Number of protein chains: 2
Amino acid sequence: MILKAAETVFAEAGFGGATMQLIADMAGLPKANLHYYFATKEALYRAVVERIFRIWLTAANVMDDAAGPAEGIGAYIDAKLEISRRHANGSKVWASEVMHGAPVIQDYLETTLRDWTAGRAAVIRRWIAEGKMAEVNPEHLLYMLWASTQHYADFGHQIEVLNGGPLSEADWTAAKASVKEIILRGIGALPPS
Amino acid sequence: MILKAAETVFAEAGFGGATMQLIADMAGLPKANLHYYFATKEALYRAVVERIFRIWLTAANVMDDAAGPAEGIGAYIDAKLEISRRHANGSKVWASEVMHGAPVIQDYLETTLRDWTAGRAAVIRRWIAEGKMAEVNPEHLLYMLWASTQHYADFGHQIEVLNGGPLSEADWTAAKASVKEIILRGIGALPPS
DNA sequence: CCTCAACCTGACCATACGGTCAGAAAAAGA
DNA sequence: TCTTTTTCTGACCGTATGGTCAGGTTGAGG
């Protein structure tokens, strides 16, 4: 799987640090063959980023058919942390792309992501109006959800060092519980303990 | 200022994408002169990263002499968001470094950062024991603090696109208020609204 | 068995990059 | 002023990289 190999190399070395030779080696085929499927390094990179963005958006729909914030946002946190765990490399490539000014997926940000964000912000506003949660700024809440979940992928190395090794099953469970507990209580969607 | 120029270029292009020529141009001196002050690209990069780490640690001390979590963690959030605003490039370079496995500052993670983290986790545990906040996992709380504050620097581009332009003074104030409100209420350090 | 298109590959090329170096300016001492 | 040390610079070099290309291999259709 070329895309898988490319994702790994791009995540580990960044776009500039990645070489077609490295990707080819990891995918187990000669470099020239890569150029048969992807004309340029940028084309391959774009394919990787778009693949991640799709996963990202798909998983985001768990928030849709939820009765209230505790259920909807809770499920969203679980889903995003699961992505951080299963697709850590993808998350890193995405983070890298955005950090460098989104040279490749600027249009996605301005269309798909902007629409998605506006939609979910509206849902949150509705929940607030229905008295199901505190009056928090929906956009900043969304940023916080993204930040605290993706952090486990993007800064996974740092977390592993501080944790003294890779996160165990129990560690991941604790992470999910902690993030959900703090945020849900923080937005007044949980009874205060 | 060479370090300033290097920080900008490394932040915008990543280590692999940055070139000594670009940094030299931005600093306004010939490339060969860069190599007079910094023998290799890696040496320059290391200097940039270490500079950021110092800022990062220094600002972290606001949490020290605080009576309780509302005050201490609140001040820490303010300080870290201020860093995200004033040193966005530095934050990006740090994020990039960690994301790629911390090839240069691995030792810092294992010594200074690990010690700092353990110390602050102890403070949080004390606050919990004193009944000043809810029983949350201190480590995961710290990760959440880092994530939700640094996000405004590392993903600043994405936020600006969604915001329809750079964050205004009021936007930054709202960001600080939102993050503090949700987290402080989330850890039971604020009266529930 | 032949044809043709899709798939694959070793060898090659132009370029851009990190780094070097001999020596010029400039500054600091005497 | 002369000497020495530090700072600076244009020109240059070896290498690694993205990309090309002519030709080989494979396999489905007839």
Side-chain angles (χ1 to χ4, degrees), chain A residues 1-52 89-90 92-107, chain B residues 1-52 89-90 92-107:
Chain A
M1 193 63 180
I2 293 178
L3 285 176
K4 184 77 182 171
E7 184 179 282
T8 304
V9 174
F10 281 133
E12 283 173 0
F15 178 81
T19 73
M20 293 298 268
Q21 189 62 62
L22 251 167
I23 296 172
D25 290 349
M26 180 152 298
L29 38 79
K31 191 186 61 157
N33 205 0
L34 267 192
H35 281 99
Y36 177 75
Y37 291 105
F38 299 94
T40 66
K41 187 183 174 184
E42 267 161 28
L44 174 53
Y45 177 72
R46 176 181 279 269
V48 169
V49 173
E50 286 175 356
R51 181 160 158 274
I52 295 152
N89 282 332
K92 286 178 187 175
V93 174
W94 174 265
S96 203
E97 164 69 7
V98 172
M99 261 179 28
H100 298 137
V104 178
I105 43 83
Q106 178 71 24
D107 49 332
Chain B
M1 194 61 180
I2 294 178
L3 285 176
K4 183 78 181 171
E7 184 180 282
T8 304
V9 175
F10 281 133
E12 283 174 0
F15 179 80
T19 73
M20 294 299 268
Q21 189 62 62
L22 252 167
I23 296 172
D25 290 350
M26 180 152 298
L29 38 79
K31 190 184 64 155
N33 205 0
L34 266 193
H35 281 99
Y36 176 75
Y37 291 106
F38 298 94
T40 67
K41 186 182 175 184
E42 268 160 28
L44 174 53
Y45 176 73
R46 176 181 280 268
V48 169
V49 173
E50 285 176 356
R51 180 161 159 273
I52 296 152
N89 282 333
K92 287 179 188 175
V93 175
W94 173 265
S96 203
E97 164 69 8
V98 172
M99 262 180 26
H100 299 140
V104 177
I105 43 82
Q106 178 70 23
D107 48 332

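Naming: A, B, ... by sequence-line order, numbering from 1 per chain. Heavy-atom basis, side chains included; hydrogens, waters and symmetry copies ignored. Quick caveat, the model's predicted, so the values are computed rather than measured.
- Regarding A/N33, its CG atom lies at a distance of 5 Å from the P atom of C/dT9, rounded to whole Å.
- Note: CG (A/L22) to C1' (D/dG19) measures 17 Å, nearest angstrom.
- Around atom CD of A/E42, no more than 12 heavy atoms belonging to other residues, nucleotides or ligands sit under 6.0 Å away.
- Between D/dG18, C/dT20, C/dC17, one nucleotide has an atom nearer to the side chain of B/A32 than all others, and that is C/dT20.
- Distance, A/F38 CZ to D/dT20 P: 16 Å, rounded to whole Å.
- Side-chain atoms of B/F15 and B/V48, non-hydrogen and from C-beta on, never get closer than 4.5 Å to each other.
- One can place CD of B/Q21 at 12 Å from C1' of C/dG19, the figure rounded to the nearest angstrom.
- Not a single donor-acceptor pair, N or O on each side, falls under 3.5 Å between the base of C/dG19 and the side chain of B/K41.
- Using a 4.5 Å heavy-atom cutoff, the side chains of B/T40 and B/Y45 are not in contact.
- Looking at B/F10 and B/V49, their side chains never come closer than 4.5 Å, going by heavy atoms from C-beta outward.
- Minimum atom distance to the side chain of A/Y36 is reached by C/dA6, of the listed D/dG10, D/dG19, C/dA6.
- Proximity of B/I2 to B/L44: side-chain heavy atoms (C-beta onward) are separated by under 4.5 Å at one or more points.
- If you measure from atom CE of B/M20 to atom P of D/dC12, you get 21 Å, rounded to the nearest angstrom.
- The separation between B/I23 atom CD1 and C/dC17 atom P is 12 Å, rounded to whole Å.
- Shown for residues 2-15 of chain B: no residue has heavy atoms falling under 4.0 angstrom of DNA chain D.
- Remark: P of D/dA22 and NE2 of A/H35 are 17 Å apart, rounded to the nearest angstrom.
- Residues A/E97 and A/I52 fail the side-chain proximity criterion, which asks for heavy atoms closer than 4.5 Å.
- Per the geometry, NZ belonging to B/K31 stands 14 Å off P belonging to D/dT9, to the nearest Å.
- B/A18 comes within 4.0 angstrom of the backbone, heavy atoms only, and of no base.
- Remark: B/E7 pairs with B/R51 by the salt bridge (charged side-chain N to carboxylate O under 4.0 Å, His left out) rule, at least two apart or across chains.
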